[in-house]
Number of protein chains: 2
Amino acid sequence: IIRTTDLCKTYVMGSEKIHALKDLSIAIKKNEYVALMGPSGSGKSTLMNLLGCLDTPTSGSYILNDNLVSNMDDAELAEIRNSEIGFVFQTFNLLPRISSLDNVALPLVYAGWSNKKRENRAAEVLDLVGLGNRMDHKPNELSGGQRQRVAIARALVCNPSIILADEPTGNLDTKTSVEIMHIFEQIHNAGNTVILVTHEPDIADHAHRIIRLRDGELESDIKNQNI
Amino acid sequence: IIRTTDLCKTYVMGSEKIHALKDLSIAIKKNEYVALMGPSGSGKSTLMNLLGCLDTPTSGSYILNDNLVSNMDDAELAEIRNSEIGFVFQTFNLLPRISSLDNVALPLVYAGWSNKKRENRAAEVLDLVGLGNRMDHKPNELSGGQRQRVAIARALVCNPSIILADEPTGNLDTKTSVEIMHIFEQIHNAGNTVILVTHEPDIADHAHRIIRLRDGELESDIKNQNI
Ligand SMILES: Nc1ncnc2c1ncn2[C@@H]1O[C@H](COP(=O)(O)OP(=O)(O)OP(=O)(O)O)[C@@H](O)[C@H]1O
Ligand SMILES: Nc1ncnc2c1ncn2[C@@H]1O[C@H](COP(=O)(O)OP(=O)(O)OP(=O)(O)O)[C@@H](O)[C@H]1O
Ligand SMILES: [Mg+2]
Ligand SMILES: [Mg+2]
């Protein structure tokens, strides 16, 4: 359902060009569970932003569910993002002036849900990630790991068929990480597609396939032997 | 050089009281290397903010180098922060509109260094953390792990005698983490004091002592048997 062909992303800074992604071609089927790894600065978040329809490539093509995404306009990209993809950002990107409940409910506003239904569903996912007693806290009234879990809850609230999670356990202790990985497991078992960026081998080990980047290029793409 | 006695931090939200730290008493000597661990929300960042003179406790005392910090005013706290402590924030806290070089040089502005000397020193520490080729990038032109390293560089730029690092490797791949831990090792060997929050056992294993929190209280405080 995801196919990139010679995908490139280049940032231009004055006279300098940074080739964040270079001719990347990968294909991911429905219901796969993929871990994306690689050194700091190797292009993982850049790739995730392209896959998540948050950005467009400099060149190359990206086909998502038979739609040529790479040449869509902002409105079309937003439509796909809200209906099909749940994105957990590496830097959370929560709205600072509203509560965690309202942050998590935000995608449901775009989806046109009623007030009561939004509150119930947002409370349900916050409870799922262990933040039932933190719903009225604003982001700056939460710990780092709690903010990360609000970002995860927000990505799950619309029950998307594709989850893109960028370092979802980077700020979580072992026990809480296990709980979050269990949630991703359930999402995967329900038939959905999970792609997560991680630098921790223990977390990557939950995935069935591990894609490694280096300097914006594909370094390796192998099945997880332990599964 | 660090002694807290019955340290408490309580947040009041409407009718709810959150006891982030409850009667915490710990003592840390000069040149110790301590790892602070515990579940998400257990009070680690709250404690680090108090130790780093970024906040004052609700009750209890905090003595830093024979100074009773817990009842100092903002000006006195700022003085101590800038001269003695290097703080790596869990959420980086970089200024978004200036380059990484200027972000790292900022503490030297407060310290009264000349323009040329600031640039040289800031470039030196950015090079040390592997960002020599990213000095003119603003934070949003950097990867997550690169921003984390800018935050680390900024904490080191004044050569402080106490380093407080809150999850310094949360966004770093294994190889880059090893490089950062090597830097902390050198700082420790030079006679300084290092306190780092981490949820990764491999990172905590570099420390000589491991303090664990749970629900705002001290759960355990043990020597690292592997050292
Ligand atoms: N400004 C605030 N107002 C209300 N509650 C707060 C505030 N800041 C923190 N808290 C609460 O205090 C508790 C401790 O927070 P703290 O940030 O110290 O946790 P932590 O151990 O650093 O967690 P993590 O590992 O997730 O970063 C959390 O339960 C959090 O919700
Ligand atoms: N807006 C931008 N302008 C210029 N360069 C950028 C920009 N955004 C990212 N980069 C550069 O592109 C490269 C890839 O960045 P990316 O965020 O994809 O890395 P990453 O693999 O996610 O790293 P990390 O593991 O540290 O999060 C980095 O070297 C970064 O400096
Ligand atoms: Mg990244
Ligand atoms: Mg914290």
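Every chain is numbered from 1, with letters handed out A, B, ... down the list of sequences.
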Under a 4.5 Å heavy-atom cut-off, does chain B meet the side chain of Gln148(A), its backbone, both or neither?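 Neither; nothing under 4.5 Å.
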
Is it the side chain or the backbone of Thr91(A) that comes within 4.5 Å of chain B heavy atoms, both, or neither? side chain

[X] versus chain A, the contacting section by heavy-atom distance below 4.5 Å:
| X | result |
| --- | --- |
| Ser40(B) | both |
| Asp136(B) | both |
| Ile18(B) | side chain |
| Glu16(B) | side chain |
| Thr176(B) | side chain |
| Thr169(B) | backbone |
| Glu167(B) | side chain |

What's the verdict on side chain to side chain contact (heavy atoms under 4.5 Å, CB included) for His199(A) and Asn171(B), showing C-alpha distance, side-chain angles and the deciding distance? CA-CA 7 Å; His199(A) 67 261; Asn171(B) 284 284; 5.6 Å; no

Heavy atoms only, distances under 4.5 angstrom: which of Arg147(A), Arg149(A), Met37(A) has the most pairs with chain B? Name it, please.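 Top count of heavy-atom pairs under 4.5 Å with chain B: Arg149(A).
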
CZ on Arg214(B) to CG on Asp173(A), rounded to 0.5 Å: 8.5 Å

[X] atom [atom1], over 12 foreign heavy atoms within 6.0 Å:
| X | atom1 | value |
| --- | --- | --- |
| Asp215(A) | CG | no |
| Asp73(A) | CG | yes |
| Lys22(A) | NZ | yes |

Return the option, out of Asn133(B), Leu172(B), Thr46(B), with the maximum number of heavy-atom pairs under 4.5 Å with chain A.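 The candidate making the most pairs under 4.5 Å is Leu172(B).
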
For the candidates Gly145(B), Gly130(B), Ser45(B), which exhibits the highest count of non-hydrogen atom pairs separated by less than 4.5 Å from chain A? Gly145(B)

